[in-house]
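Written out below as structure tokens is the structure these notes cover.
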Amino acid sequence: RKRVVVFISGSGSNMEKLAEACEAPDFPAEIVAVISDKPDAGGLLKAKARGIATYALARKDYDSKQAHEAAMLGLLADLAPDFICLAGFMRLLSGDFIRAYAGRIINIHPSLLPLFPGLDTHQRALDAGMRIAGCSVHFVTEGMDEGPIIGQAAVPIVPGDDADALAERILTVEHRLYPATLRRLAAGEVRMENGRAVFTNRGTDGAEQ
Ligand code: GAR
């Protein structure tokens, strides 16, 4: 089974869904640790309750972004992950960090990328008058939310939606998409090659209905 480390900053509901999926005996990955840049992230308690090793490395405990990342990289060297899943991790990783795990870091973002990268995505989708929204799982590259897309799921936007209602609807499909995507990645059905997501299995084109 592939070794996975999950990075979080918040409530960790996606992390929990990944952990749940990993409990199935035929799932090709296991979560070996959860790392948070926020010591009070609710997801840390959820991970602990599941018996997963947790680490909190607060940015403010380090003099620079470089020192903070060096500490995370040191920890990762011991954990020896095959893959890193960013799940509500709200910090932009440097090029050096990303290159150290090239093609092995994935992220979930609550929009249909390449639309609405960055913050405040739900409100921006509403303001743009979109009639659908969704989420994307992508390989992490240096540009924010710019890496090759592995999987997406869509939801309708309905009259009366506000950002919270939309976020909640998208989160329910995130919870299915992220484990399904990790399964494909860990099973070797998709990899990053020349800046593209390359699928090796027919029928696994990354679209979730
Ligand atoms: C999720 O909606 C995730 O897509 C989003 O934060 C939420 C985390 O929820 N991520 C980003 O906005 C990344 N830029 P969770 O902590 O309950 O999984």
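One-based numbering along the sequence shown. Just so you know, ligand 1 is whichever comes first in the structure, and atom 1 is the first atom listed for that ligand.
At a cut-off of 3.5 Å, with distance as the only test, no side-chain donor of T141 or E146 sits close to an acceptor on the other residue. Side-chain contact check for S13 and H175: at least one donor-acceptor pair (N or O, by modelled atom type) lies under 3.5 Å. In this structure, a donor-acceptor pair under 3.5 Å is absent between the side chains of E189 and T200.
Ranking the protein heavy atoms by distance from atom 14 (N) of ligand 1 puts H109 ND1, 3.7 Å first. The protein heavy-atom contact nearest to atom 13 (C) of ligand 1 is M90 SD, 3.8 Å.
Contact of the L182 side chain with the F27 side chain is registered, since non-hydrogen atoms from C-beta on lie closer than 4.5 Å.
Using a 30° and 60° split on the angle between ring planes, F7 and F97 fall in the perpendicular class, above 60°.
L76 CG to I84 CD1: the interatomic distance, rounded to the nearest 0.5 Å, is 4.5 Å.
Residue-level proximity to ligand 1 for L171 is carried by the side chain, the only part with a heavy atom below 4.0 angstrom.
Between S11 and ligand 1, at least one N/O pair is under 3.5 Å apart. Considering backbone and side-chain atoms alike, S13 places an N or O below 3.5 Å from some N or O of ligand 1.
Residue contact check: G88 has heavy atoms under 4.0 Å from atoms 6 (O), 8 (C), 10 (N) of ligand 1. Near E174, meaning under 4.0 Å from any of its heavy atoms, are these atoms of ligand 1: 1 (C), 2 (O), 3 (C), 4 (O).
Scanning P110, G12, G42 for the heavy atom closest to atom 16 (O) of ligand 1 points to G12.
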